[in-house]
Amino acid sequence: MVWVPFLIRYRLVSNKKVRVRFAPSPTGDLHVGNIRTALFDWAYARHTGGEFIFRIEDTDRERVTDEYIQAAIDTLKWLGLDWDEGPEVGGNFGPYLQSQRLDIYAEWAAKFLAQGDAYHCYCSSEELEARREAQKKANVAPGYDGKCREISADDLAKYKSEGRKPVLRMRMPDGSTTFTDSIRGEVTFDHNFVPDFVLVRGDGSPLYTLAVAVDDVMMKITHVLRGEDLLSSTPRQIRVYQAMGVAPEDYPTFAHLPFVMGQDNAKLSKRNGEVSIAWYRDRGFLPEAICNYLALLGWSPGEDRENVTMKELTELFTVERVHSSPARFDMKKLEAINGDKIRLLDIEDLLKRATPFLIKDEVITGTPEELAIVKSALPIIQERIATLAEVTPMLKFLFAKNFVIDVQELPKVKEAQAQDVLKKANEVLQDLTDWSHQSIEAALRAALIEGMGLKPRIAFGSVRVAITGSHISPPLFESMELLGRERSLARVAAAIV
RNA sequence: GGCCCCGUCGUCUAGUGGCCUAGGACUCUGGCUUCUCAAGCCAGCUACGCGGGUUCGAAUCCCGUCGGGGCUACCA
């Protein structure tokens, strides 16, 4: 009779509206790993029809800056990960910046102290450091030894006279903590290896361990999907829930996502691959391509599917299909997916996205005339580019004011055979009145292939370099049509020495 | 060192005891097509870390082992 408990469980779960949060600590630009987490949080919220909460964990004022916070907001927006509560949109459980919630943490901290769940610890950093060293030497599990759990009146007076500022420590009771991680199953931590941890610094500011647990409870978070690095901090978080008086059935469900790693099996960092999302944006990667690729790191839709839209992602995403093993980031695959996504774009959309790159690269200034040309050229390069940044090398020949042939290509154009081809081409093109790519092709084929008996790649290669300046280009005849009769003729003539 | 997590082609993955002489995708190699580069199509290379069990049968379950990673802060 397995179905009875299943039904009860199902009701319990389905009664509660899902609330998932993405809570980065912006100590730098959001990176690939952060975004993968954000994406899964978002996808899960959308899949379940729940709410996606965006919270900024800026309790470490030394490392989190306003610029990084703004960059995080912008990055999420750019990716299309919209949030229901958080910075800029507000919500009923705000504020959503931890630095603005200090009084809330202070209140709970005072309560924990009064309840005896937490205690003041006067040990100095140096003393702690020394004791840790000793523990290591003695081969004992390192961690706070509980010295200040009981402080004699004399010691207390002494500490105070020394002007020591105490930290607030959570008392970990004997025993163990077991919780069910949706991805890893049942996980148990013996409290012998979870020492009493600090909730509030000597200066009164809260630590992550306090703030994260308080906020998740106060914001009624039902599901915590976050990086695997936080797995071992979960028992501490649960300890705070207990001190807050939260019933076990109201604890959020945890799901610890596997890491995204760099090529060399180390955590992704600047050293082994670019990690900042801004870097990818500036190189012409599409947000939907980044999301699609990142979704495939640690998750798969199954059925040999890979290319999914954002909408399909929200429909298909389930935590059950997330794995527990880490994934390596592969730029080649990202590029392939980016190319696929570019090919799926309609021309108007592609134009809109590619234009900023052409302007930034000073190929165009953005006039309507220029945009019209770009638009008519995009269809012939759409399947030739993998990133938006590649429109520049593909199309710059159309706009060059002082057109010059690539120095590397020059010797080839100067060869006798190439010169013969160009002279012949110049001759027949002069007489050509219908400047359509079909007509250009017909004329050149007749003159160069049939007339001169040359192989197409040889003959057209020379013309290509004369016209586009490079041996890699969009299709030649279309390129000539786009360039126009006058300029095409001028370039062919100019290549004749 | 201790605790915890993880282990299928080079990479991402499918796979939840028989459908697996292990499927798909990226990469790579070869071919077709072809005005270059792409795209597209076809073909090929390459994987269940290792050793024991359990079972008629294991990539799938158990144990051990090895390897990788995380945590071990008044960081998150």
Side-chain angles (χ1 to χ4, degrees), chain A residues 23-25 27 57 59-60 62-64 121 123-125 128-129 132 135-144 165-169 181 183-184 187-190 192-195 197-203 205-209 211-212 226-235 256 258-259 261 263 265-267 293 296-307 323-337 339-340 343 381-386 390 394 441 444-445 448-449 455-461 463-465 468 470-479:
Chain A
S25 184
T27 55
E57 311 231 322
T59 52
D60 186 352
E62 307 262 305
R63 301 197 301 152
V64 177
C121 168
C123 299
S124 69
S125 314
L128 292 171
E129 183 61 31
R132 260 197 296 275
Q135 284 167 329
K136 268 191 181 167
K137 280 212 177 93
N139 219 352
V140 181
Y144 190 68
K165 295 268 185 255
V167 300
L168 187 70
R169 252 180 220 284
D181 185 285
I183 294 170
R184 283 149 221 283
V187 183
T188 298
F189 287 88
D190 190 311
N192 286 325
F193 308 107
V194 186
F197 56 97
V198 178
L199 296 167
V200 181
R201 292 187 179 89
D203 66 4
S205 62
L207 251 43
Y208 168 79
T209 31
V212 72
R226 47 149 45 160
E228 185 192 337
D229 49 335
L230 269 354
L231 182 63
S232 51
S233 87
T234 306
H256 288 91
F259 280 123
M261 313 219 282
Q263 308 292 356
N265 229 13
K267 238 175 127 177
Y293 174 63
L296 266 18
L297 260 28
W299 175 82
S300 98
E303 294 170 351
D304 293 338
R305 280 246 267 159
E306 283 202 336
N307 195 319
H323 320 187
S324 44
S325 52
R328 257 147 301 261
F329 185 85
D330 180 13
M331 180 82 78
K332 282 276 202 295
K333 178 95 176 181
L334 206 212
E335 280 171 5
I337 289 179
D340 289 342
R343 263 159 247 131
I381 66 162
Q382 187 167 23
E383 67 182 23
R384 278 158 231 278
I385 56 175
E390 287 168 40
M394 278 291 181
E441 176 166 9
L444 289 179
R445 272 190 195 281
L448 308 177
I449 313 305
K455 288 214 162 78
R457 61 179 301 138
I458 303 294
F460 297 145
V463 182
R464 176 187 312 285
V465 172
T468 70
S470 166
H471 75 282
I472 298 172
S473 82
L476 178 61
F477 313 115
E478 282 85 345
S479 296

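Just so you know, these numbers use all the heavy atoms, side chains as well, and skip hydrogens, waters and symmetry mates. Here is how names work: the chains are called A, B, and so on, in the same order as the sequence lines, proteins then strands, and each is numbered from 1.
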* Between A:Pro258 and A:Glu383, just flag the one whose closest nucleotide in RNA chain B comes earlier from the 5' side. =>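 Counting from the 5' end, the first nearest nucleotide belongs to A:Pro258.
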
Comparing A:Leu476 with A:Leu297, nearest RNA chain B nucleotide closer to 5' gives the residue A:Leu297

Determine: side-chain N/O of [X] to OP1/OP2 of [N], distance under 4.0 Å, yes or no.
X: A:Ser473; N: B:C37; value: no
X: A:Arg445; N: B:C35; value: yes
X: A:Arg457; N: B:U36; value: yes
X: A:Thr59; N: B:C75; value: no
X: A:His323; N: B:A14; value: yes
X: A:Arg184; N: B:C4; value: no
X: A:Arg464; N: B:C37; value: no

Looking at the side chain of [X], which of [options] is the nearest nucleotide?
X: A:Pro326; options: B:A76, B:A25, B:C6; value: B:C6
X: A:Leu207; options: B:G70, B:C4, B:C74; value: B:C74
X: A:Phe259; options: B:C5, B:C74, B:G69; value: B:G69
X: A:Phe193; options: B:C6, B:G2, B:C26; value: B:G2
X: A:Asp330; options: B:U11, B:C74, B:G69; value: B:U11
X: A:Met394; options: B:C6, B:C37, B:C26; value: B:C37
X: A:Leu231; options: B:C5, B:U13, B:A76; value: B:C5
X: A:Pro456; options: B:U13, B:C35, B:C6; value: B:C35

Applying the side-chain contact (heavy atoms from CB on, under 4.5 Å) criterion to A:Tyr144, which one of A:Gln135, A:Arg132, A:Arg169 satisfies it?
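Passing option: A:Arg169.
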
request  = List the atom of A:Arg384, the atom of A:Pro474, and the distance in Å for their closest heavy-atom pair.
outcome  =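 A:Arg384 and A:Pro474 have their closest heavy atoms at CD-CA, 4.3 Å.
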
**Asked** Passes side-chain hydrogen bond (donor to acceptor under 3.5 Å, both in side chains), A:Thr59 versus A:Arg201? Steps please.
**Response** CA-CA 11 Å; A:Thr59 52; A:Arg201 292 187 179 89; 5.4 Å; no

*asked:* Using a distance-only criterion (donor-acceptor N/O pair, under 3.5 Å, no hydrogens), is the base of B:G24 paired with the side chain of A:Glu306?
replied: yes

**Q.** Any donor-acceptor N/O pair under 3.5 Å between B:U36 base and A:Arg384 side chain
**A.** yes

Check: A:His256 and A:Thr234 side chains under 4.5 Å, non-hydrogen atoms: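 They are in contact (side-chain heavy atoms under 4.5 Å apart), so the answer is yes.
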
How far apart are the C-alpha atoms of A:Thr468 and A:Arg464, what are their side-chain angles, what is the distance that settles it, and do they pass the side-chain hydrogen bond (donor to acceptor under 3.5 Å, both in side chains) test? CA-CA 6 Å; A:Thr468 70; A:Arg464 176 187 312 285; 5.9 Å; no

*asked:* Students often get this wrong, so: under 4.0 angstrom with heavy atoms, is A:Pro474 touching a base, only sugar-phosphate, or nothing?
replied: base

